[in-house]
Amino acid sequence: MTQQKPFAGRPVIYQIFTRLFTNNTPDPVPGGDLARNGAGKMNDITPAVLRSIKELGITHVWYTGVVEHAQATDYSAYGIRPDNPYVVKGKAGSPYAIKDYYDIDPDLAVSVPERMAEFEALVARTHRAGLKVITDFVPNHVARQYHSDAAPAGVRDLGEGDNPDVFFTRDNNFYYIPRQKFAPQFYIDGYDEMPAKCTGNDCFTAFPGRNDWYETVKLNYGYDPGDGSRHYDPVPRTWHDMLAIMMFWASKGIDGLRCDMVHMVPVEFWHWAIPQVKARYPHLVFIAEIYDVSLYRSYLEWGGFDYLYDKVTLYDTLRGIQTANVSAAQLTSAWQTVDGLSAKMLSFLENHDEQRYASRQYMGNPYTVLPALVAIATMNNGAVMIYMAQELGEDAPDAEGFSGSDGRTTIFDYWSLDRLRRWLNGGRPSMKNLSEGERNLRETYASVLRLVNAEPALREGSFFDVTYANYNNPGFDPHRHFAYLRHSGDDLVLVVLNFAGHDADIAVNIPSHAFECLGLAPERDAHGTDLLTGAFYAGPLADSEPVRLHVDANGAAMVKFGKNGHTA
């Protein structure tokens, strides 16, 4: 594979849940198997599809669920051991119950024996479209019946050579419950695990429940949860095993690894492993799914990650503003929590774990998204991500099988999405099959996401929150409005968000401190252009008089000023 160059700019990521993305079955049934409901294929992610994705302003595609995982479909005819369906979630299985770290999910291949070649072709096709490739690395747990039939020669299977008679020893891959059979708190048949292995969500008993990650087994990195002791010198076997897996996928020409639940793996491992991968593949980006804010700095500065999920700060705050009457002024606390780390945060409104923005469990209306979308795209210099069909208003209305009606798009079932089918148009993406609202929404996403790298002030500029200067301003409602500046060189962008359900004439005070910090001179007669609407602004850009803007309900303004307040 050709060595890729490092990406210059802010990553704008389009997450594709590969099994569902190109599935064209028009009438899937809840709980349907592969033969009935079908599955999307890598080969159907064509150059035309990739071009259409790139037109949104996307720079990276995250192909979720491409590594072989446990499932109920029987592929034994191809030399793949079948899984017991009682320890698989759904017919299709969780993409995070990895069954073979060195193989591709056979569901995704047109020709199962050629599944790795089809993946390699997808990577090459994506690169030819001018996009980077991200795949998953799942380091914390594997499927209960893990077995690799595709590992390179000389690679031992995980668990091979373990001593199962002890709960913990440094060089076991797994944790065991000695003399206790795996006996979950629900009926299983035909599956015998003796002694029981500990379950992936740190469930250190033989009796996981339905809400545990019962389909997975926890990996042992040398940490003894029994007494809290750490055994990292000499380096544990699992460290070497997982480094080899990362090197394997990096050799396929990918550009990034989205690493699952990294805070459940010792930061010492990442500190040891990531520099070794980057020494050979310096372009490779590491993205961490992490939810403990107290660990952010450690996993960035010591662990070596490039980006961290901005879930418990920006995402949770935005959702609270839009659904729970949280004040928009709380966005100040959100950015202050990660101050100094903001360029390393990955912002989103949706991913496979979260409820769809348009679902009845979240907003119930995709057309209110603009202020939140602008916020994730412009409040920092980090990465931005959207989830497939988010830009079409996907609302996840179905109970697809194992996944009930929960506002999420299933990751456990064979399914297809109507909006994607209509847009994909049999491999020739088209707006003609979309409703007017869906077309307009897709263009809204494109108009915002394209600006992320097109505008220097948004791509690499500094940030200045001016909301604090408007708490006592009668023309500004800090409960529903939020405002800030982005600045780079001669460019200044004033961003104003309106989370209210009604139009607003907003007056924004810009404090003298902002001009001092940004090195700008106030202007009595400034001119600017709204990057979203093209509307022209003429008026003061000074600390003596507010900037007055009309902002639509659930809307935003992004007024760009040039040198000393004048458009370039």
- Message: Around atom CG of N472, are there more than 12 heavy atoms from other residues, nucleotides or ligands closer than 6.0 Å?
- Response: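 Result for CG/N472: open.
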
For [X] and [Y], does a side-chain donor sit closer than 3.5 Å to a side-chain acceptor?
| X | Y | result |
| --- | --- | --- |
| R408 | Y362 | no |
| R419 | S435 | no |
| Y357 | Q390 | no |
| W335 | N380 | no |
| W62 | N351 | no |
| Y387 | T409 | no |
| T64 | Q15 | yes |
| N37 | E400 | no |
| T59 | Y14 | no |

If you round to the nearest 0.5 Å, how far is [atom2] of [Y] from [atom1] of [X]?
| X | Y | atom1 | atom2 | value |
| --- | --- | --- | --- | --- |
| Y307 | C259 | OH | SG | 14.0 Å |
| Q336 | Q330 | CD | CD | 10.0 Å |
| D395 | N365 | CG | CG | 10.5 Å |
| M42 | D105 | CE | CG | 8.0 Å |
| I254 | T126 | CD1 | OG1 | 12.0 Å |
| L295 | I290 | CG | CD1 | 5.0 Å |

Measure the shortest side-chain to side-chain distance between [X] and [Y] over non-hydrogen atoms and say whether it is less than 4.5 angstrom.
| X | Y | result |
| --- | --- | --- |
| K311 | E354 | yes |
| M558 | L494 | no |
| L434 | L392 | yes |

What are the two closest non-hydrogen atoms of [X] and [Y], and how far apart are they?
| X | Y | result |
| --- | --- | --- |
| I274 | G304 | CG2-O, 3.6 Å |
| A556 | V374 | CB-CG2, 3.9 Å |
| A129 | L50 | CB-CB, 3.7 Å |
| V551 | I506 | CG2-CD1, 3.9 Å |
| G9 | R459 | CA-CD, 4.4 Å |
| R421 | S416 | NH1-OG, 2.7 Å |

Electrostatic pair [X]-[Y], nearest N-O below 4.0 angstrom:
| X | Y | result |
| --- | --- | --- |
| E394 | R356 | no |
| D413 | K91 | no |
| K560 | E455 | yes |
| R258 | D260 | yes |
| D477 | R480 | no |
| E438 | R422 | yes |

- When N140 is tested against each of H263, K218, E289 for side-chain hydrogen bond (donor to acceptor under 3.5 Å, both in side chains), which residue passes?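 Running side-chain hydrogen bond (donor to acceptor under 3.5 Å, both in side chains) over H263, K218, E289 with N140 returns exactly one hit, K218.
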
- Start with the C-alpha gap between F348 and Y315, add the side-chain angles, then the distance that decides, and say whether ring-ring contact (aromatic ring centres under 6.0 Å, His included) holds. CA-CA 7 Å; F348 56 85; Y315 171 89; 5.5 Å; yes

- Message: Can a donor-acceptor pair be found, under 3.5 Å and without considering hydrogens, that links the side chain of N509 to the backbone of N470?
- Response: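 Checked: no pair found.
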
- Message: Go through it in stages, so that I can follow the logic: the residues are H479 and F499, the test is ring-ring contact (aromatic ring centres under 6.0 Å, His included), and I'd like the CA-CA distance, side-chain angles, deciding distance and then a yes or no.
- Response: CA-CA 9 Å; H479 187 65; F499 293 99; over 10 Å; no

- Task: With side-chain contact (heavy atoms from CB on, under 4.5 Å) as the test, would you mind laying out the steps for L441 and V369 before giving the verdict?
- Result: CA-CA 9 Å; L441 184 64; V369 76; 4.1 Å; yes

- Task: Using the side chain to side chain donor-acceptor pair (under 3.5 Å) rule, take Y414 and D107 through it: C-alpha gap first, then chi angles, then the decisive distance, then the call.
- Result: CA-CA 10 Å; Y414 295 111; D107 283 343; 2.8 Å; yes

- Message: Under 6.0 Å between ring centres: does that hold for Y484 and F463?
- Response: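 Distance test on ring centres: under 6.0 Å, yes.
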
- Pairs meeting criterion side-chain hydrogen bond (donor to acceptor under 3.5 Å, both in side chains) with involvement of residues 535-546, two or more places apart: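 Every pair satisfying side-chain hydrogen bond (donor to acceptor under 3.5 Å, both in side chains) with a residue in residues 535-546: R524-E545.
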
- Parallel under 30°, tilted from 30 to 60°, perpendicular over 60°: which one fits the rings of H352 and Y96?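 Ring orientation of H352 relative to Y96: parallel.
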
- Message: Under the criterion ring-ring contact (aromatic ring centres under 6.0 Å, His included), I'd like the reasoning laid out for H527 against F536: C-alpha separation, chi angles, the key distance, then a yes or no.
- Response: CA-CA 7 Å; H527 297 82; F536 186 67; 5.5 Å; yes

- Kindly determine whether V285 and I134 satisfy side-chain contact (heavy atoms from CB on, under 4.5 Å), including the steps that lead there. CA-CA 8 Å; V285 172; I134 297 169; over 6 Å; no

- Using the ring-ring contact (aromatic ring centres under 6.0 Å, His included) rule, take H60 and F7 through it: C-alpha gap first, then chi angles, then the decisive distance, then the call. CA-CA 10 Å; H60 293 62; F7 177 72; 4.9 Å; yes

- Mind checking salt bridge (Lys or Arg N to Asp or Glu O under 4.0 Å) for R486 and listing every partner two or more places apart, or none if nothing turns up?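 Salt bridge (Lys or Arg N to Asp or Glu O under 4.0 Å) check on R486 returns nothing, list empty.
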
- Message: Checking V61 against V133 for the side-chain contact (heavy atoms from CB on, under 4.5 Å) test, could you report, in this order, the C-alpha distance in whole Å, the side-chain angles of both residues, the deciding distance, and whether it holds?
- Response: CA-CA 5 Å; V61 179; V133 174; 5.9 Å; no

- Task: Could you walk me through whether Y367 and N554 pass the side-chain contact (heavy atoms from CB on, under 4.5 Å) test, one step at a time?
- Result: CA-CA 8 Å; Y367 306 110; N554 300 299; over 6 Å; no

- Item | Pairs where residues 8-29 contributes a residue and the test salt bridge (Lys or Arg N to Asp or Glu O under 4.0 Å) is met, not counting sequence neighbours |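 Listed by first then second residue: D27-R36.
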
- Item | Option passing side-chain contact (heavy atoms from CB on, under 4.5 Å) with L492 (candidates V559, L541, I510) |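 So the option named by the test is L541.
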
